[in-house]
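Values below: every heavy atom of this structure, side chains too, minus hydrogens, waters and symmetry copies.
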Amino acid sequence: MRGYFDGLYAGASDPYGTRERWYERRKRALLLASLPRERFRRCYEPGCGSAELTRELAMRCDSVLATDFSAQALRTARARTAGLAQVQLAQHRLPRDWPCGERFDLVVLSEIGYFLSATAMQEVAQHCAASLDADGVLVACDWRAPFAQRACPTQDVHALLGATGLAPLVVHTEDDFCLRVWARDARSVAQREGIR
């Protein structure tokens with residue numbers, strides 16, 4: 001799989017069109033709008049790719065650990081996040097390189113879970129639950145259509161994450177993708193702000 005991604009990023013710095021495509025920009029905006037808080041302390045974003053989402057997460061987080069297992073993708077990510085002191089980049093392969101022992105109040109799994117086997121994804125889900133702070137938030141956003149490199153169906157990825165015991169806050173499903181948000185704090189945004 002690493003060769004597949006290195007080949008993608010060797011041919012283009014943004015092989016998925018995350019900067020130009022309205023689909024990608026809209027999906028990113030929906031993900032960011034679904035977060036139940038405006039600010040976060042520490043975010044973990046594995047599978048950061050070309051770092052378009054990373055750049056926007058950096059505007060809402062004090063610190064972002066963005067990782068990818070593709071060296072080519074990380075080269076692009078470094079260029080895209082140059083000057084963002086709150087972003088740390090590292091090469092991680094999941095689940096093996098999960099930063100165990102580190103704590104996060106936001107974990108974002110965007111377009112990554114379906115590349116993992118069900119067994120690996122179950123381990124990632126356990127890591128998510130173990131790494132989240134008491135006010136932690138977990139986000140998953142995944143393509144729904146079949147494709148050759150898919151190892152796990154999106155509904156299975158989200159079911160494994162949902163089985164962690166975190167409270168479901170947001171479910172947004174379209175023909176193309178599914179976005180879900182879970183949190184340790186089950187209160188709605190209005191409840192958190194004392195509106196109701």
Undergrad: Can any side-chain N or O of R55 pair as donor or acceptor with the backbone N or O of T81 at less than 3.5 Å?
TA: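 Not at all, since once roles are kept as given, no pair shorter than 3.5 Å links the two residues.
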Undergrad: With a cut-off of 6.0 Å (strictly less than), are more than 12 heavy atoms of other residues, nucleotides or ligands near CG of D175?
TA: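 No - once you tally the heavy atoms of other residues, nucleotides and ligands closer than 6.0 Å, there are 12 at most.
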Undergrad: Quick one: does Q86's side chain have a donor or acceptor within less than 3.5 Å of a partner on A58's backbone?
TA: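 Between the backbone of A58 and the side chain of Q86 there is a qualifying donor-acceptor contact (under 3.5 Å).
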Undergrad: For the pair H92 and Y44, evaluate side chain to side chain donor-acceptor pair (under 3.5 Å) and give the outcome as yes or no after the intermediate values.
TA: CA-CA 11 Å; H92 285 185; Y44 182 42; 2.9 Å; yes
Undergrad: Has D68 got a side-chain atom pairing as donor or acceptor with G49's backbone, closer than 3.5 angstrom?
TA: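 Between the backbone of G49 and the side chain of D68 there is a qualifying donor-acceptor contact (under 3.5 Å).
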Undergrad: Determine whether a donor-acceptor pair (N or O, by modelled atom type, separation under 3.5 Å) exists between the side chain of E111 and the backbone of W143.
TA: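 Yes.
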Undergrad: Taking the side chain as every heavy atom from C-beta outward, state whether L32 and L53 have any pair of such atoms under 4.5 Å apart.
TA: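 Contact flag for L32/L53 side chains = yes.
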Undergrad: Do the charged groups of R19 and E24 touch, with an N to O distance under 4.0 Å?
TA: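 No.
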Undergrad: Would you say C43 and F104 make side-chain contact, with heavy atoms under 4.5 Å?
TA: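 No, their side chains stay 4.5 Å or more apart.
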Undergrad: Using modelled atom types and a 3.5 Å cut-off, is there a donor and acceptor pairing between side-chain atoms of R60 and backbone atoms of R37?
TA: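 Answer holds: yes.
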Undergrad: Do the side chain of R192 and the main chain of D185 share a donor and acceptor less than 3.5 angstrom apart?
TA: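 Such a contact is found between R192 side chain and D185 backbone.
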Undergrad: Strictly distance-based, threshold 3.5 Å: is any side-chain N or O of R28 a donor or acceptor partner for the main-chain N or O of Y23?
TA: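 No, the answer is negative, given that no donor and acceptor are paired below the 3.5 Å cut-off.
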Undergrad: Out of curiosity, does L31 fall in the hydrophobic cluster containing V171 (side-chain heavy atoms, cut-off under 4.5 Å, transitive links)?
TA: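 Each belongs to a different hydrophobic cluster.
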Undergrad: So, for L116 and L94, which heavy atoms are closest and what is the spacing to 0.1 Å?
TA: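 Scanning both residues, the minimum pair turns out to be CD2-O, 3.8 Å.
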Undergrad: So, do L35 and F40 sit near enough that their side-chain heavy atoms are less than 4.5 Å apart?
TA: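 The answer is yes, as the side chains (C-beta and beyond) meet within the 4.5 Å cut-off.
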Undergrad: Can you name the residues that form a salt bridge (Lys or Arg N to Asp or Glu O under 4.0 Å) with D97, not counting sequence neighbours?
TA: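 In terms of salt bridge (Lys or Arg N to Asp or Glu O under 4.0 Å), with neighbours along the sequence ignored, D97 is linked to no residue.
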Undergrad: Is the shortest side-chain N to carboxylate O distance from E123 to R96 below 4.0 Å?
TA: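 Looking at E123 and R96, the cut-off is not met.
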Undergrad: Taking the ring of F147 and the ring of F115, is the distance between their centroids below 6.0 Å?
TA: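 Yes, they do, as the ring centres are separated by less than 6.0 Å.
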Undergrad: Distance only, no hydrogens: is a donor on one side chain within 3.5 Å (strictly under) of an acceptor on the other, for S50 and T18?
TA: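 Short answer, yes.
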Undergrad: If we ignore hydrogens and angles and just use 3.5 Å, is the side chain of R103 paired with the main-chain N or O of L132 as donor and acceptor?
TA: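 A pair under 3.5 Å: yes.
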Undergrad: Okay, side chain of D105, backbone of R42: is any donor-acceptor separation there less than 3.5 Å?
TA: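 Indeed, once roles are kept as given, a pair shorter than 3.5 Å links the two residues.
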Undergrad: Does the distance from a Lys or Arg side-chain N to an Asp or Glu carboxylate O, for D62 and R41, drop under 4.0 Å?
TA: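 The answer is no: the pair does not qualify as a salt bridge.
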Undergrad: Quick check against the 3.5 Å criterion: does R150 have a side-chain atom that pairs as donor or acceptor with the backbone of A145?
TA: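 Yes, the answer is positive, given that a donor and an acceptor are paired below the 3.5 Å cut-off.
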Undergrad: Please determine if R80 and D14 form a salt bridge, counting it only when a charged side-chain N lies under 4.0 Å from a carboxylate O.
TA: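 Judged by the 4.0 Å cut-off on N to carboxylate O distance, R80 and D14 do not form a salt bridge.
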Undergrad: For E38, what residues pass the salt bridge (Lys or Arg N to Asp or Glu O under 4.0 Å) criterion, not counting sequence neighbours?
TA: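 Result, salt bridge (Lys or Arg N to Asp or Glu O under 4.0 Å) vs E38: none returned.
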Undergrad: Scan side-chain atoms only and decide if T164 and W182 contain a donor-acceptor pair under the 3.5 Å cut-off.
TA: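 There is no such pair (donor and acceptor under 3.5 Å, judged by atom type) between the side chains of T164 and W182.
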